[in-house]
Engineer: 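One structure, as structure tokens, below. Some questions next.
The residues of the chain are indexed from 1 along the displayed sequence.
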Amino acid sequence: MKPFVLLATRAEDLPADEEYALFLRRTGLDERDLVRVRLEAEPMPALDLDELSGIFVGGGPFNASDPPGRKSPVQHRVEAEFATLLDEVVARDFPFLGACYGVGTLGAHQGATIDRAYAEPISVVPVTLTDAGASDPLLSGMPQTFNAFVGHKEAIRALPASATLLGSSPTCPVQVFRVGANVYATQFHPELDVDGIVLRIHAYADHGYFAADELELTLAAVRRAEVSHPSRMLRTFVERYAR
């Protein structure tokens with residue numbers, strides 16, 4: 001089998017390693033078949049799409065909607081690298097699934113309106129599929145409404161005509177969308193389980209996702225409802241595209 005790639009941007013080792021472990025577990029892949037590239041530490045290597053099965057993108061600290069002057073040199077580099085990669089991915093309709101930061105990469109590439117109007121605190125939200133989402137093969141077998149973990153400072157306000165909306169939550173109109181037939185992005189985190197999001201809550205406690213006195217409230221928010229369906233997307237992605 002040709003490998004999949006996970007493009008990651010988390011600078012902190014503990015949540016970065018936990019994210020990789022979650023993607024391994026949720027996809028069923030081993031380290032040989034899911035190659036991780038930490039873009040915050042090194043430039044994106046040349047990716048020969050003919051030698052890959054597909055591309056995953058994890059979450060991260062970058063906000064596409066921040067003014068250019070507030071973006072670090074690393075963020076400018078990563079955004080430029082994603083723009084170049086997505087030119088080829090979209091043109092070839094190559095299998096791509098971006099989780100959370102997928103909205104900032106694929107959404108920005110397609111010209112979506114991205115701002116802070118629909119930010120969501122770290123929590124569990126119900127995601128409801130559109131008719132297109134209910135018939136989408138990547139979401140096959142998913143309930144019409146399912147719970148998912150979220151936590152983001154920006155979101156897509158409006159999708160361009162090139163994108164198909166697949167799912168929304170009450171507080172965020174774009175939770176999952178598709179470009180072409182094989183290029184996807186989610187606002188929610190399909191890889192996460194409770195232990196994983198608790199680790200991230202502690203790791204990013206001083207990153208502005210919640211106030212200093214809201215730690216216990218935030219921990220309670222991610223435990224208030226069962227989250228079991230989103231990870232199916234990762235296994236289905238591998239089953240569809242492994243070659």
Engineer: Given the rule in the side-chain contact (heavy atoms from CB on, under 4.5 Å) test, do Val35 and Leu6 qualify, once you have shown the distances and angles that lead to the verdict?
Structural biologist: CA-CA 6 Å; Val35 178; Leu6 172 63; over 6 Å; no

Engineer: Enumerate donor-acceptor pairs with a distance under 3.5 Å from any side-chain N or O in residues 138-150 to protein atoms, sequence neighbours excluded.
Structural biologist:
from	atom 1	to	atom 2	distance (Å)
Gln144	NE2	Leu129	O	2.6
Thr145	OG1	Thr128	OG1	2.9
Asn147	ND2	Glu226	O	3.0

Engineer: Heavy-atom distance under 4.5 Å between the side chains of Leu215 and Phe210, does that happen here?
Structural biologist: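 Touching, per the 4.5 Å side-chain cut-off.
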
Engineer: Determine the minimum heavy-atom distance between Lys71 and Asp66, stating which atoms define it.
Structural biologist: CE-O, 3.1 Å

Engineer: Identify whether the distance between the nearest side-chain nitrogen and carboxylate oxygen of Glu191 and Arg235 falls below 4.0 Å.
Structural biologist: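 Not counted as a salt bridge, because no side-chain N and carboxylate O are separated by less than 4.0 Å.
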
Engineer: According to a hydrophobic-cluster definition based on side-chain heavy atoms being under 4.5 Å apart (Ile, Leu, Val, Met, Phe, Trp, Tyr only), do Phe96 and Val90 belong together?
Structural biologist: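 Phe96 and Val90: one cluster.
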
Engineer: Tell me if a side-chain donor or acceptor on Arg224 pairs with a main-chain N or O of Val124 at a distance below 3.5 Å.
Structural biologist: yes

Engineer: Is there a chain of hydrophobic side chains (I, L, V, M, F, W, Y, each step under 4.5 Å between heavy atoms) that links Val179 to Leu7?
Structural biologist: yes

Engineer: Set out, in order, the CA-CA distance, both residues' side-chain angles and the distance that settles salt bridge (Lys or Arg N to Asp or Glu O under 4.0 Å) for Arg178 and Asp93, then state yes or no.
Structural biologist: CA-CA 10 Å; Arg178 187 187 71 236; Asp93 201 13; over 6 Å; no

Engineer: Can you name the nearest heavy-atom pair linking Gly151 to Cys100, along with the distance?
Structural biologist: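 Here Gly151 and Cys100 meet closest at O-SG, 4.5 Å.
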
Engineer: Evaluate Leu106 against Phe82 for side-chain contact (heavy atoms from CB on, under 4.5 Å), listing each step before the verdict.
Structural biologist: CA-CA 8 Å; Leu106 181 60; Phe82 267 114; over 6 Å; no

Engineer: Is the shortest side-chain N to carboxylate O distance from Asp193 to Arg25 below 4.0 Å?
Structural biologist: yes

Engineer: Is it the case that one hydrophobic cluster holds both Val89 and Leu39, taking links as side-chain heavy atoms less than 4.5 Å apart, direct or via other members?
Structural biologist: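 Yes; Leu39 is reachable from Val89 via cluster members.
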
Engineer: Is there a side-chain contact between Thr186 and Val127, using heavy atoms and a 4.5 Å cut-off?
Structural biologist: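 They are not in contact (no side-chain heavy atoms under 4.5 Å apart), so the answer is no.
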
Engineer: If every non-hydrogen atom of Pro170 is compared with every non-hydrogen atom of Pro126, which pair is closest and at what distance?
Structural biologist: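 Taking every non-hydrogen atom into account, CD-O, 3.3 Å.
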
Engineer: Looking at side-chain heavy atoms only, is the closest gap between Val103 and Val174 below 4.5 Å?
Structural biologist: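 No, every pair of side-chain atoms sits at 4.5 Å or beyond.
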
Engineer: Using 0.5 Å steps for rounding, measure from the CD atom of Glu79 to the CZ atom of Phe62.
Structural biologist: 8.0 Å

Engineer: Let me see the working for Thr236 and Val238 under side-chain contact (heavy atoms from CB on, under 4.5 Å), right down to the final yes or no.
Structural biologist: CA-CA 5 Å; Thr236 301; Val238 169; over 6 Å; no

Engineer: Identify whether the distance between the nearest side-chain nitrogen and carboxylate oxygen of Arg36 and Glu19 falls below 4.0 Å.
Structural biologist: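 So Arg36 does not pair with Glu19 through a salt bridge.
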
Engineer: Compute whether any side-chain donor of one residue and acceptor of the other, for Arg10 and Tyr204, lie under 3.5 angstrom apart.
Structural biologist: yes

Engineer: List, by chain and then residue number, the residues other than Leu217 in its hydrophobic cluster (Ile/Leu/Val/Met/Phe/Trp/Tyr, side-chain heavy atoms under 4.5 Å); write none if there are no others.
Structural biologist: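 Its cluster partners, ordered by chain and number, are none at all.
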
Engineer: Keeping to residues at least two apart or across chains, list the salt bridge (charged side-chain N to carboxylate O under 4.0 Å, His left out) pairs with something in residues 138-162.
Structural biologist: Asp115-Arg157

Engineer: Above 12 or not: heavy atoms from other molecules or residues under 6.0 Å from CZ of Arg32?
Structural biologist: no

Engineer: Given the rule in the side-chain contact (heavy atoms from CB on, under 4.5 Å) test, do Glu31 and Leu24 qualify, once you have shown the distances and angles that lead to the verdict?
Structural biologist: CA-CA 7 Å; Glu31 293 185 11; Leu24 288 171; 3.8 Å; yes

Engineer: Please confirm whether the backbone N or O of Leu52 pairs with a side-chain atom of Arg243, one donor and one acceptor, at under 3.5 Å?
Structural biologist: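 Yes; judged by distance alone, with no hydrogens or angles, the pair exists.
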
Engineer: Which residue pairs pass the salt bridge (charged side-chain N to carboxylate O under 4.0 Å, His left out) test when at least one of the two sits in residues 159-168, sequence neighbours left out?
Structural biologist: none

Engineer: Taking Arg77 first and then Glu81, would you say they form a salt bridge - that is, a charged N and a carboxylate O separated by under 4.0 Å?
Structural biologist: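 Salt bridge: yes.
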
Engineer: Under 4.5 Å side-chain heavy-atom separation, chaining through any Ile, Leu, Val, Met, Phe, Trp or Tyr, what else clusters with Leu199? Say none if it is isolated.
Structural biologist: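 Leu14, which link up through side-chain heavy atoms under 4.5 Å apart, make up the rest of the cluster.
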
Engineer: Do Thr9 and Glu40 have side-chain N/O donor and acceptor atoms under 3.5 Å apart?
Structural biologist: no

Engineer: What's the spacing between Tyr118 OH and Thr171 OG1 if we round to 0.5 Å?
Structural biologist: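 Nearest 0.5 Å value for the OH-OG1 distance: 10.0 Å.
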
Engineer: Would you say CG of Asp131 has more than 12 non-hydrogen atoms from neighbouring residues, nucleotides or ligands within 6.0 angstrom?
Structural biologist: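 Open: at most 12 neighbouring heavy atoms sit under 6.0 Å from CG of Asp131.
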
Engineer: Could you grab the distance from atom CE of Met44 to atom CZ of Arg38, nearest 0.5 Å is fine?
Structural biologist: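 Interatomic distance, Met44 CE to Arg38 CZ, rounded to 0.5 Å: 15.0 Å.
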
Engineer: Test Gln110 against Ser162 for side-chain hydrogen bond (donor to acceptor under 3.5 Å, both in side chains), laying out the working first.
Structural biologist: CA-CA 7 Å; Gln110 292 297 293; Ser162 60; 2.7 Å; yes

Engineer: Does a donor on one side chain and an acceptor on the other come within less than 3.5 Å for Asn63 and His152?
Structural biologist: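 Short answer, no.
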
Engineer: Can you pull the salt bridge (charged side-chain N to carboxylate O under 4.0 Å, His left out) pairs that have at least one residue in residues 46-64, sequence neighbours excluded?
Structural biologist: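 For residues 46-64, and leaving out neighbouring residues, the salt bridge (charged side-chain N to carboxylate O under 4.0 Å, His left out) pairs sorted by first residue read Asp50-Arg92.
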
Engineer: Of the non-hydrogen atoms in Ile114 and Ala64, which two are nearest, and what is the gap between them?
Structural biologist: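 Scanning both residues, the minimum pair turns out to be CD1-CB, 4.4 Å.
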
Engineer: Is there a continuous path of hydrophobic side-chain contacts, each under 4.5 Å between heavy atoms, that joins Leu86 to Val176?
Structural biologist: no

Engineer: Is it possible for you to say whether Phe188 and Val227 belong to one hydrophobic cluster, with membership spreading through side-chain heavy-atom contacts below 4.5 Å?
Structural biologist: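 Each belongs to a different hydrophobic cluster.
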
Engineer: Taking atom CD1 of Ile156 and atom CD of Gln175, what is their separation to the nearest 0.5 Å?
Structural biologist: 10.0 Å

Engineer: When the aromatic ring centroids of Phe23 and Phe56 are compared, is their separation below 6.0 Å?
Structural biologist: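 For Phe23 and Phe56, the ring centres are under 6.0 Å apart.
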
Engineer: Nearest 0.5 Å please: distance from the OH atom of Tyr241 over to the CZ atom of Phe94.
Structural biologist: 10.0 Å

Engineer: For residues Leu165 and Ser168, report the shortest heavy-atom separation together with the two atoms involved.
Structural biologist: CD2-OG, 3.7 Å

Engineer: Closest approach of Ala242 and Ser53, non-hydrogen atoms and distance?
Structural biologist: CA-OG, 3.7 Å

Engineer: Can you confirm whether Pro68 sits close enough to His76 that some side-chain heavy atom of one is under 4.5 Å from a side-chain heavy atom of the other?
Structural biologist: yes

Engineer: Measuring from His189:NE2 to Leu22:CG, what's the distance to the nearest 0.5 Å?
Structural biologist: 11.0 Å

